[in-house]
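Here the structure is laid out as structure tokens; the discussion comes afterwards.
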Amino acid sequence: MSTPERAPLGALLVSMLKVGTIGFGGGSALIPVMEKELVHHRGFFGEPVFTLHTVVANITPGALPVKLAAFAGGRSRSAWAGLLAAIAVALPGSVATVALVAAFNLLGPAAIRVVEFTAVGITAFIIVLLAHYITKVMRGGGPRTGVYVGIMLVAWLATGTNGLVALVGLLFGQAWVGEVPRLSAVGLIVAALVVIGLYSLLPRRTALVEVDPSIAVPLPTVGPKILAVVLHLAMCVAALVLALVLAGPVGGELMGLVAFSTVTSFGGGEAYVGVADGFFVASGLVPSGLFYGQIVPVANALPGPILVKVASGIGYAFGFELGGPLLGLGFAVCAFAMAIGACCAVAIAVITAWGKVARSAFMVNLGRFILPVICGLLLTTSVSMLLANAEIAERGGVAPSPVAWASLIGVGVMWWAQHRFRLHDLALLAGAGLTSLVVLLAVAG
């Protein structure tokens with residue numbers, strides 16, 4: 001197993017490209033995928049460190065998978081490795097998004113329908129991965145398993161009651177609408193941190209604290225983290241300069257909006273769509289029909305971080321309107337770099353300060369109790385993904401309720417097959433995607 005200081009750069013980048021290629025669902029849905037790749041498959045670091053990464057990624061703005069990749073690269077290799085890892089995890093989906101948006105006039109809506117129909121099966125497979133992760137966390141609770149389950153359910157209901165109501169209604173052919181006040185993902189994590197902090201202050205708990213050696217050392221020393229922040233900020237500056245060269249002040253304006261929308265986007269890719277509407281559509285830089293008719297559907301149907309895909313698509317659309325496909329490609333690159341640099345610079349700065357409390361009771365209790373909270377968030381994500389499958393079916397002319405049922409059944413079948421036959425993840429992913437594509441195309445006609 002590779003030590004964090006000697007982890008091969010090539011292996012890290014291959015892992016991040018793999019996650020970016022198979023990572024449908026974006027955001028929180030990729031937490032188990034990245035943990036499996038970085039902790040269990042590659043052994044770059046232990047679970048306590050990954051837990052800390054996940055917490056900081058959840059409470060800072062921007063694309064969660066990109067931040068996790070930057071943390072992993074910085075922890076396992078160097079500041080430069082973190083930058084390259086962040087680029088690698090976002091690259092496959094962003095390239096595919098720009099390619100499909102560029103080819104949209106040639107291929108038409110049929111191309112997006114093929115991608116979306118394939119994504120239905122792949123989404124079911126991602127839910128299987130989430131279920132494995134949740135099961136592992138619950139089993140790891142030991143004598144605290146009952147507490148873990150309770151925390152998970154509270155977190156789920158706090159963030160996903162309305163989605164659960166809508167899903168149950170859909171399964172029974174009803175249009176039920178939940179109207180319960182809900183916490184955002186960021187609100188949930190912040191609330192959990194406050195509760196864990198207060199719990200850690202209780203005098204009777206102090207004697208029970210045992211420092212986990214894997215998180216007792218700062219992650220890593222401050223110097224490399226400052227270099228990582230500088231590198232990501234330098235990438236933002238390079239994107240801004242290139243945009244100014246390509247189109248003058250209007251190019252600089254677009255890059256400023258990409259940066260500002262990134263650092264004000266909390267709650268994952270879905271939340272960024274609303275932020276981007278206010279920044280780019282309301283300002284008239286990107287037409288509403290183009291944004292919602294091409295960029296958003298394509299980004300949602302492809303793997304990888306939604307925020308970076310949407311930003312790249314916006315960059316291409318903006319440049320194309322100014323001067324054609326080459327200028328569009330140039331602005332796609334600028335927006336891609338700006339989105340990655342902005343969110344990683346903020347997140348790395350936060351984790352730099354976070355490491356100073358690594359020896360505290362708070363960090364020990366964080367390691368004990370934050371994972372069930374994350375599991376509750378993943379249950380909410382799973383429900384959202386099932387509802388998204390139903391929406392894809394409805395757009396494609398297929399009844400949504402049977403597709404929701406088929407997705408749930410598919411999750412059960414893949415769970416059984418993986419345990420019974422030890423099938424490789426890629427085999428299940430490919431089979432699920434191909435099956436949903438063939439069946440939905442046949443039903444839709």
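Heavy-atom basis, side chains included; hydrogens, waters and symmetry copies ignored.
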Trace of the side-chain contact (heavy atoms from CB on, under 4.5 Å) decision for R42 with L38: CA-CA 5 Å; R42 299 291 187 180; L38 295 170; 5.6 Å; no

Of all the heavy-atom pairs spanning [X] and [Y], show the shortest one and how long it is.
X	Y	value
C236	G341	SG-C, 3.4 Å
A311	V258	CB-CG1, 4.4 Å
L17	A88	CD2-O, 3.5 Å
L83	L231	CD2-CB, 4.5 Å
I122	L429	CG1-O, 4.0 Å
G396	F117	CA-CZ, 3.9 Å

Walk me through whether I351 and F71 qualify under side-chain contact (heavy atoms from CB on, under 4.5 Å). CA-CA 9 Å; I351 205 171; F71 292 159; 4.0 Å; yes

Measure the [atom1]-[atom2] distance between [X] and [Y] for me, rounded to the nearest 0.5 Å.
X	Y	atom1	atom2	answer
R182	L188	CZ	CG	10.0 Å
M338	F331	CE	CZ	11.0 Å
F125	I22	CZ	CD1	6.0 Å
S94	I306	OG	CD1	11.5 Å
C334	L254	SG	CG	8.5 Å
I127	L378	CD1	CG	11.0 Å

Heavy-atom check, side chain of [X] versus side chain of [Y], under 4.5 Å:
X	Y	answer
V229	L233	yes
C375	M138	yes
I151	F369	yes
V120	V403	yes
H53	K67	no
V19	M16	yes
L377	N58	yes
V33	E37	no

Can you tell me if S436 uses its side chain to pair, donor with acceptor, with the backbone of G121 under 3.5 Å? yes

Check for a donor-acceptor pair, side chain of K309 on one end and backbone N or O of G304 on the other, with a separation under 3.5 Å. yes

W80 atom CH2: more than 12 heavy-atom contacts under 6.0 Å: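 12 or below, so no.
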
Please tell me whether T159 and T380 have a donor and an acceptor in their side chains that are separated by less than 3.5 angstrom. yes

Would you please classify the geometry between the F45 ring and the F50 ring as parallel, tilted or perpendicular, with 30° and 60° separating the classes? parallel

Is the centre of the F291 ring less than 6.0 Å from the centre of the F280 ring?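 Ring centres of F280 and F291 not closer than 6.0 Å.
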
Candidates I31, T51, V55, I134 - the one meeting side-chain contact (heavy atoms from CB on, under 4.5 Å) with L371: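 Checked I31, T51, V55, I134 against L371; only one passes side-chain contact (heavy atoms from CB on, under 4.5 Å): T51.
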
Could you go through the side-chain contact (heavy atoms from CB on, under 4.5 Å) check for L13 and L9 one step at a time? CA-CA 6 Å; L13 297 183; L9 177 60; 4.0 Å; yes

L91 vs F336, side-chain contact (heavy atoms from CB on, under 4.5 Å): CA-CA, chis, key distance, verdict: CA-CA 9 Å; L91 190 62; F336 175 87; 4.1 Å; yes

